> 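One structure is given below, represented as structure tokens, and several questions about it will come after.
What you see is a predicted model, and the numbers here were worked out from it, not measured in a lab. A note on names: the letters A, B, ... follow the listed sequences, proteins ahead of strands, and every chain is numbered from 1.
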Number of protein chains: 2
Amino acid sequence: MTTARTPAGAAPSRGRRAGRSAGDERETAILATAERLLRQRAFGDISIDDLARGAGISRPTFYFYFPSKDAVLLTLLDRVTEEADAAAGGVFDRLAEDPRAHWRELIARFHATFGGHRDVVLACAQVRGTNAEVRRLWAEVLERWVRAVQAAIETERARGAAPDGLPARDLSIALNSMNERVWYATFAGDGPAVAERDVVDVLLDVWLTAIYRTTTPPVMPSAGTP
Amino acid sequence: MTTARTPAGAAPSRGRRAGRSAGDERETAILATAERLLRQRAFGDISIDDLARGAGISRPTFYFYFPSKDAVLLTLLDRVTEEADAAAGGVFDRLAEDPRAHWRELIARFHATFGGHRDVVLACAQVRGTNAEVRRLWAEVLERWVRAVQAAIETERARGAAPDGLPARDLSIALNSMNERVWYATFAGDGPAVAERDVVDVLLDVWLTAIYRTTTPPVMPSAGTP
DNA sequence: AGCTTAATCGACAGGGTGTTGAGCGGGTGT
DNA sequence: ACACCCGCTCAACACCCTGTCGATTAAGCT
């Protein structure tokens, strides 16, 4: 009822049989159509018929490849979060070398990834309210990032670079939540928003002050700024 | 096309004729039904027929009172934002007396207001993605709060209590965005969330460090902590 | 050739929205 | 007292979208 995403299975997205069968092309055609239409109108204004016709198939045939419209978006979201995870990889290990530079790098990479797929991200944010599956996946992804940042904060505190304060998990949740909402406003462009050019530095500033109480954290183990 | 909310007009919500006519009762019955059903299921799972039957009328009659399901939610949202605005009133004037206490008071009042109407707030957050009218109203409300906080930050900087840094507007947007998203997660309970009991203090901590670089800002004009 | 399986679609059922047009009852004015 | 407007009501309709069923074709294996 809530499991299947593609007919062949979710994670490694291996196609149906061995060699590239006709169905693979249809499946990617649906995905491509969804991304294209998302650039033009909101997810809610795209019908399954639009997706099917865009991929050159009939509506019932669409159901052979995806169980619902939302499942298409879920597949798209999977790709984006994988890309974001990959982009963040390794940054945490070098935090102590230069905290400001590396926190900035982390935020900047997420910004680049989300900005590069803003239509998909925006659509997900919009249906998260109505679709439990998207909500669940997003919660999972967020939980990973929250944990990673929490661990980084605790490491910085342990080496004496950051002062004690809020529970690291609560702080991590607050900062990650801020980023999500601020990016949404910036990309969506409705309501009060930070200019896209400034958003990384604005977020960075709040992160640094919340974690270190200063925008210029020390670089070596428990050493002051020279 | 996008204006009317109630048949009689929006703002002061005066009923249709002079004395309480039958229609007034129907209208409030619809609103009450919406709030009641929202406590049980998601907004998307409530049909206009549910609202109409709950108020003891037929579906076409519903359209005599509201142009759409969303318009009902919009009316509910109006009430909540008015209450929040009222709750925030006057706090900014006394900020310098004791910044920490008064920022906390501000956040706590918003928390209480939203928490007291969490079903409505959650529903609005959910349809904001699909309904332009809700999006517009929310953006308007947020803009007011962003401006008020921005002004307060500038005042604190002018009296020397807060250091210069980010443009006050950008900082205000980031902090307000954080609150919105964190409250949403806390009230919705899906995904990583701060416990409801702690959320005010967590938010306060990030606000204070971002604005003052310390969690114990000075109380008198340009005086240090004793 | 015969069997299986991937792939396809016409046609249907169901449920939701928004609109139309007709009807009813109580004030109000003359 | 009569007509008449107007607030109010709903059955019935047109429409759109979703999801499913069953029949059908094409390709591969034995």
> From CG of B:D70 over to P of C:dG16, roughly how many Å is that when rounded to an integer?
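Atom CG in B:D70 sits about 16 Å away from atom P in C:dG16.
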> Figure out the CD/P separation between B:E27 and D:dC8, and round it to whole Å.
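Distance check: B:E27 CD to D:dC8 P gives 10 Å.
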> Starting from P on C:dT17, measure out to CG on B:D45 and report it in whole angstrom.
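Between P of C:dT17 and CG of B:D45: 11 Å.
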> Closer than 4.0 angstrom, basic N to acidic O: yes or no for B:R39 and B:E35?
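Looking at B:E35 together with B:R39, the answer is no, because their closest N to O distance does not fall below 4.0 Å.
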> In terms of relative ring orientation, are B:F187 and B:H111 parallel, tilted or perpendicular, with 30° and 60° separating the classes?
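B:F187 vs B:H111 ring planes: parallel.
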> Provide, to the nearest angstrom, the distance between the CD1 atom belonging to A:I57 and the P atom belonging to D:dT24.
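Those two atoms, CD1 and P, are 22 Å apart.
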> Nearest whole angstrom, please: distance from the P of C:dT17 to the CZ of B:R53.
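Rounded to the whole Å, the gap is 12 Å.
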> Answer yes when B:R136 and B:E133 have at least one side-chain N-carboxylate O distance shorter than 4.0 Å, and no when they do not.
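Yes.
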> Which nucleotide wins on minimum distance to the side chain of A:I48, given the candidates D:dC10, D:dT20, D:dT18?
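Shortest atom-to-atom distance from the side chain points to D:dT18.
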> Rounded to the nearest Å, what distance is computed from the CZ atom of residue A:F62 to the C1' atom of nucleotide D:dC17?
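After rounding, the gap between these two atoms is 13 Å.
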> Do A:V141 and A:L77 pass the side chain to side chain contact (heavy atoms under 4.5 Å, CB included) test, and can you show the C-alpha distance, the side-chain angles, and the key distance before you say yes or no?
CA-CA 10 Å; A:V141 170; A:L77 177 58; over 6 Å; no
> What nucleotide among D:dT9, C:dG10, D:dC10 has an atom nearest to a side-chain atom of B:F64?
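Nucleotide nearest to B:F64's side chain: D:dT9.
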> Rounded to the Å, how far apart are B:Y63 OH and D:dC10 C1'?
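Atom-to-atom, B:Y63 to D:dC10, this comes out as 14 Å.
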> Can you tell me if A:T61 touches the phosphate of C:dT8, counting only side-chain N or O atoms and a distance under 4.0 Å to OP1 or OP2?
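No, outside the criterion.
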> May I ask you to verify if any side-chain N or O of B:R26 is less than 4.0 angstrom from the OP1 or OP2 atom of D:dG7?
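No, no such contact exists.
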> Using OP1 and OP2 only, check whether a side-chain N or O of B:R59 sits under 4.0 Å from C:dT19.
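Checking B:R59 against C:dT19: no side-chain N or O falls below 4.0 Å of OP1 or OP2.
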> Kindly indicate, with the supporting measurements, whether the criterion side chain to side chain contact (heavy atoms under 4.5 Å, CB included) is fulfilled by B:R104 and B:D201.
CA-CA 8 Å; B:R104 192 181 193 288; B:D201 288 308; 3.0 Å; yes
> Nearest-Å distance, CG (B:D49) to C1' (D:dA12)?
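After rounding, the gap between these two atoms is 14 Å.
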> Look at the side chain of B:P60 and decide which nucleotide, out of C:dG18, D:dC10, D:dC17, has an atom nearest to it.
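Within the option list, the nearest is D:dC10.
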> Between A:Y65 and C:dT8, does any side-chain N or O lie under 4.0 Å from OP1 or OP2?
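So the side chain of A:Y65 is within the cut-off, an N or O lying under 4.0 Å from OP1 or OP2 of C:dT8.
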> Among the nucleotides C:dA11, D:dG19, C:dT17, which one has an atom lying closest to any side-chain atom of B:K69?
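Within the option list, the nearest is C:dT17.
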